[in-house]
Amino acid sequence: MKNLEKELTLKEPLNQAKEQLWANIIDYVNDIFPSIQVIFEQNDLVKEATEAIQRVKAKLGDMPKEATKIIHFLNSKNKYELQELDIAEKTATIVKLKKVLTKRNLMMNLKDKFQTM
């Protein structure tokens with residue numbers, strides 16, 4: 001009688017279905033968990049990169065504006081005017097200044113990339 005009562009209440013089939021559902025959910029979570037970990041790691045890397053960009057931008061300050069002005073100034077002077085200013089290597093000086101501008105452009109491009117993520 002008790003067996004018949006158990007079968008009629010569907011208690012056992014419901015418990016089996018419940019166990020199977022939980023097993024499926026656990027399998028699914030175990031399957032996607034590595035992907036979730038990668039997403040968290042990537043978010044941490046993006047945060048670190050953004051902070052590094054901010055540090056470089058702060059360090060550069062107004063140097064890009066100044067570098068542009070100095071390049072224009074140097075290009076407007078002839079060889080003799082530069083010698084009077086004690087600037088022996090115009091090209092080398094401009095290359096150093098262009099490095100500042102390149103660094104600024106790189107930081108701006110990286111910042112744009114990270115903001116679109």
Side-chain angles (χ1 to χ4, degrees):
M1 187 74 157
K2 284 190 177 188
N3 286 341
L4 182 59
E5 189 177 311
K6 276 186 183 179
E7 288 178 21
L8 290 176
T9 60
L10 300 174
K11 193 173 188 177
E12 187 65 30
L14 287 176
N15 282 339
Q16 289 175 349
K18 186 174 151 182
E19 288 175 13
Q20 185 61 45
L21 282 172
W22 276 111
N24 289 346
I25 290 170
I26 290 169
D27 287 345
Y28 178 73
V29 168
N30 286 335
D31 288 346
I32 65 167
F33 190 72
S35 299
I36 293 170
Q37 283 180 309
V38 168
I39 290 169
F40 281 120
E41 289 170 3
Q42 288 176 342
N43 283 340
D44 289 342
L45 291 173
V46 167
K47 183 180 176 185
E48 288 178 31
T50 304
E51 290 169 356
I53 290 169
Q54 293 303 324
R55 284 192 303 272
V56 170
K57 282 179 63 178
K59 188 176 178 180
L60 283 175
D62 287 337
M63 287 172 47
K65 288 180 185 176
E66 293 172 11
T68 302
K69 288 178 184 177
I70 294 170
I71 289 170
H72 289 299
F73 174 80
L74 291 173
N75 283 330
S76 70
K77 302 298 177 191
N78 63 35
K79 180 179 179 179
Y80 303 108
E81 291 172 319
L82 292 173
Q83 284 176 347
E84 287 176 14
L85 295 170
D86 203 24
I87 298 174
E89 287 293 323
K90 174 181 166 181
T91 305
T93 305
I94 289 176
V95 167
K96 287 178 187 176
L97 294 167
K98 292 254 183 188
K99 286 181 182 180
V100 170
L101 298 175
T102 301
K103 197 173 200 179
R104 182 220 36 211
N105 291 340
L106 174 63
M107 292 303 111
M108 289 173 60
N109 288 336
L110 287 173
K111 181 182 175 188
D112 291 343
K113 288 232 185 251
F114 289 126
Q115 286 179 345
T116 59
M117 295 180 103

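Just so we're clear, the structure is a prediction, and the values are computed from it rather than from any experiment. If you read the sequence from its start, that first residue is 1, and numbering goes on from there.
- A chain of hydrophobic side-chain contacts below 4.5 Å, direct or via other Ile, Leu, Val, Met, Phe, Trp or Tyr residues, connects Trp22 to Val29.
- Between atom CD1 of residue Ile71 and atom NZ of residue Lys96 there is a gap of 13.0 Å, rounded to the nearest 0.5 Å.
- Nearest heavy atoms, Ser76 versus Glu81: O-OE1, 4.1 Å.
- Following chains of ILVMFWY side-chain contacts shorter than 4.5 Å, one can reach Val56 starting from Leu110, so the two form part of one hydrophobic cluster.
- Atoms CD1 and CD, on Ile25 and Gln20 in that order, are 10.5 Å from each other to the nearest 0.5 Å.
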Query raised in the report: Where do Leu85 and Phe73 land on the side chain to side chain contact (heavy atoms under 4.5 Å, CB included) test, with the steps shown first?
Result: CA-CA 12 Å; Leu85 295 170; Phe73 174 80; 3.6 Å; yes
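- The hydrophobic cluster containing Met63 does not contain Leu101, counting ILVMFWY residues as joined when their side-chain heavy atoms lie under 4.5 angstrom apart, directly or transitively.
- Between atom OG1 of residue Thr68 and atom CG of residue Asp62 there is a gap of 11.0 Å, rounded to the nearest 0.5 Å.
- Atoms CG and CD, on Leu45 and Gln42 in that order, are 7.5 Å from each other to the nearest 0.5 Å.
- Using a 4.5 Å cut-off on side-chain heavy atoms (C-beta onward), Asn24 and Tyr28 make no contact.
- With hydrophobic clusters built from ILVMFWY side chains whose heavy atoms lie under 4.5 angstrom apart, Val46 shares a cluster with Met107.
- At most 12 heavy atoms of other shown residues, nucleotides or ligands fall within 6.0 angstrom of atom CD in Glu89.
- In this structure, the side-chain contact (heavy atoms from CB on, under 4.5 Å) partners of Tyr80, at least two apart in sequence or on a different chain, are Asn78, Gln83.
- Taken to the nearest 0.5 Å, the CD atom of Glu19 stands 11.5 Å off from the CG atom of Leu14.
- Evaluation of the side-chain contact (heavy atoms from CB on, under 4.5 Å) rule for Leu82 yields Leu74, Lys77, Ile87, Lys90 as partners, not counting sequence neighbours.
- Between the CG atom in Leu97 and the OG1 atom in Thr102 there is a gap of 10.5 Å [rounded to 0.5 Å].
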